[in-house]
Amino acid sequence: MAGLGEKVSTPMITPWSLSSIFNGISEYRKKLNLPNPGTFEGLHKEVKATFLTNHLFDGGRADLTKVLSQHLQVTHSFSMGSTISPPMYNFGAAFIGTNSFLHGTIDTEGNLTARMNYAWNANNVTKLQAHISPSPGHSMLQLEQDYQGSDYSINCKTINPSPVENTGIFILSYFQSVTQKIALGVENVYQKPTPDIEETTRSLVAKYTGTDCIATLQWQEIGALQASYYQKISEKVDFGTELQILVASGRREAVCTVGGKFDFRAATFRGQIDTTGRISAVIEQKIAPGFSFVITGDIEHMKVSVYLIFPSIMVI
């Protein structure tokens with residue numbers, strides 16, 4: 001016991017002790033053998049695969065893809081009859097290398113889109129996306145670095161960064177498995193549209209992965225809540241549902257969407273319905289290897305509008 005007037009020395013944390021703590025945590029995590037939780041961006045990937053977001057189109061469309069070599073292919077896309085856009089021709093080219101992926105498209109309106117992925121190793125990938133448009137304010141540049149650890153993932157992203165004007169959007173996310181089935185994550189978004197305006201928002205997420213089901217929950221500081229549930233019924237039947245709630249600035253809105261995907265021997269059917277009264281469906285008939293015939297339909301009961309979409313032909 002220290003006497004009166006004597007100073008009590010506190011133990012110092014040395015680099016050696018910090019290294020021991022870090023090594024102990026690493027060894028404990030290895031014993032848990034936790035899985036990689038996937039990317040933060042792909043949190044609702046399985047549910048979105050059952051929806052029609054990337055499958056609906058307006059008018060008639062034809063896509064023809066030609067494989068020129070093992071690494072190079074080109075695509076010709078034609079569209080017409082749309083009620084919201086003029087007839088369009090789109091030319092695309094893709095290069096698929098061992099560690100890299102390059103893809104670019106250009107249309108008759110002069111819109112140029114490019115995408116590049118380069119894998120430094122199995123866990124570290126650099127991504128670049130660019131869109132150049134003749135319309136002012138529609139051009140975009142996005143840089144991204146994605147790292148996949150054994151039981152976690154880290155993603156850094158910036159959109160339209162401008163060191164000269166001191167503007168841009170910067171996103172940092174971290175996703176960590178805490179058990180064999182549960183993963184938790186956080187994402188911070190820093191936006192600076194002008195030198196005088198800046199805003200920071202945060203999102204918290206949780207993901208549960210079962211044997212044949214996945215449940216996710218995402219909360220944003222702006223007052224938005226998004227929950228999704230994916231269920232694999234069989235090898236050929238998938239179902240997904242999503243609930244979006246917005247409570248901000250006096251607004252009280254909620255939309256629930258249910259979608260299903262059915263794979264048959266020579267066809268795929270997708271159906272979707274939501275609480276706004278919108279019903280959508282897509283059926284893709286595989287007529288021959290590399291040749292598909294697609295028909296989509298969309299009806300909005302609340303707006304009393306019906307869209308019978310023309311067929312699309314895809315040839316590879």
Side-chain angles (χ1 to χ4, degrees), residues 29 32-56 123 125 127 142 144-157 159 169-191 200-248 251-263 270-276 278 280 282:
R29 286 171 57 184
L32 293 177
N33 193 27
L34 298 176
N36 182 279
T39 63
F40 195 99
E41 190 175 33
L43 183 67
H44 309 282
K45 178 181 64 176
E46 291 80 8
V47 170
K48 296 297 184 183
T50 65
F51 291 172
L52 277 65
T53 307
N54 299 323
H55 298 276
L56 281 178
N123 302 325
V125 181
K127 304 177 182 179
Q142 176 177 303
E144 183 177 352
Q145 189 67 35
D146 188 72
Y147 183 81
Q148 300 292 317
S150 59
D151 58 357
Y152 67 94
S153 62
I154 300 175
N155 184 272
C156 304
K157 186 185 305 180
I159 303 174
I169 301 175
F170 306 90
I171 305 172
L172 175 63
S173 64
Y174 180 80
F175 207 16
Q176 173 71 58
S177 293
V178 293
T179 68
Q180 291 290 333
K181 297 183 177 181
I182 298 177
L184 303 176
V186 59
E187 180 181 69
N188 287 282
V189 181
Y190 174 76
Q191 303 183 61
T200 302
T201 58
R202 180 178 294 107
S203 298
L204 301 177
V205 302
K207 179 180 179 181
Y208 172 84
T209 304
T211 304
D212 52 7
C213 65
I214 298 175
T216 65
L217 182 65
Q218 182 173 3
W219 174 82
Q220 300 179 13
E221 283 185 337
I222 59 175
L225 180 67
Q226 183 176 0
S228 67
Y229 180 79
Y230 166 81
Q231 178 72 51
K232 189 172 185 63
I233 306 299
S234 67
E235 289 295 328
K236 297 183 178 181
V237 180
D238 299 344
F239 269 91
T241 181
E242 182 182 68
L243 174 64
Q244 294 181 336
I245 301 175
L246 179 61
V247 183
R251 299 172 60 185
R252 300 292 187 274
E253 299 179 4
V255 177
C256 181
T257 305
V258 178
K261 176 174 172 285
F262 304 83
D263 290 319
R270 287 181 172 88
Q272 178 179 313
I273 184 172
D274 60 34
T275 51
T276 65
R278 182 176 182 179
S280 307
V282 172

* To do: Compute whether any side-chain donor of one residue and acceptor of the other, for Ser228 and Thr216, lie under 3.5 angstrom apart.
  => yes
* Side-chain donor-acceptor contact under 3.5 Å, Gln145 with Tyr147 -> no
For the student: nearest non-hydrogen atoms of [X] and [Y], plus distance:
| X | Y | result |
| --- | --- | --- |
| Asn36 | Ser177 | C-OG, 4.1 Å |
| Leu43 | Glu46 | O-OE1, 4.2 Å |
| Thr201 | Ile222 | CG2-CG2, 3.9 Å |

A side-chain contact here means heavy atoms from C-beta on lying under 4.5 Å apart; do [X] and [Y] qualify?
| X | Y | result |
| --- | --- | --- |
| Gln142 | Lys127 | no |
| Leu184 | Gln176 | no |
| Lys207 | Val205 | no |
| Thr39 | Asn155 | no |
| Thr257 | Gln272 | yes |

Rounded distance (nearest 0.5 Å) linking atom [atom1] of [X] with atom [atom2] of [Y]:
| X | Y | atom1 | atom2 | answer |
| --- | --- | --- | --- | --- |
| Ser203 | Glu221 | OG | CD | 8.0 Å |
| Trp219 | Leu225 | CH2 | CG | 10.0 Å |
| Thr241 | Gln231 | OG1 | CD | 12.0 Å |
| Thr275 | Leu243 | OG1 | CG | 8.0 Å |
| His44 | Gln226 | NE2 | CD | 3.5 Å |
| Arg202 | Asn188 | CZ | CG | 4.5 Å |

* Asked: In this structure, are over 12 heavy atoms from other groups packed under 6.0 Å from Glu235 atom CD?
  -> no
* In this structure, are over 12 heavy atoms from other groups packed under 6.0 Å from Gln220 atom CD? -> yes
* To do: Test Phe239 against every option in Tyr229, Tyr230, Phe262, Phe51 by the ring-ring contact (aromatic ring centres under 6.0 Å, His included) rule and name the one that passes.
  =>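 Result for ring-ring contact (aromatic ring centres under 6.0 Å, His included) with Phe239: Phe262.
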* To do: State whether the side chain of Gln180 and the backbone N or O of Pro35 hold a donor-acceptor pair below 3.5 Å, judged by distance alone.
  =>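 No; judged by distance alone, with no hydrogens or angles, the pair does not exist.
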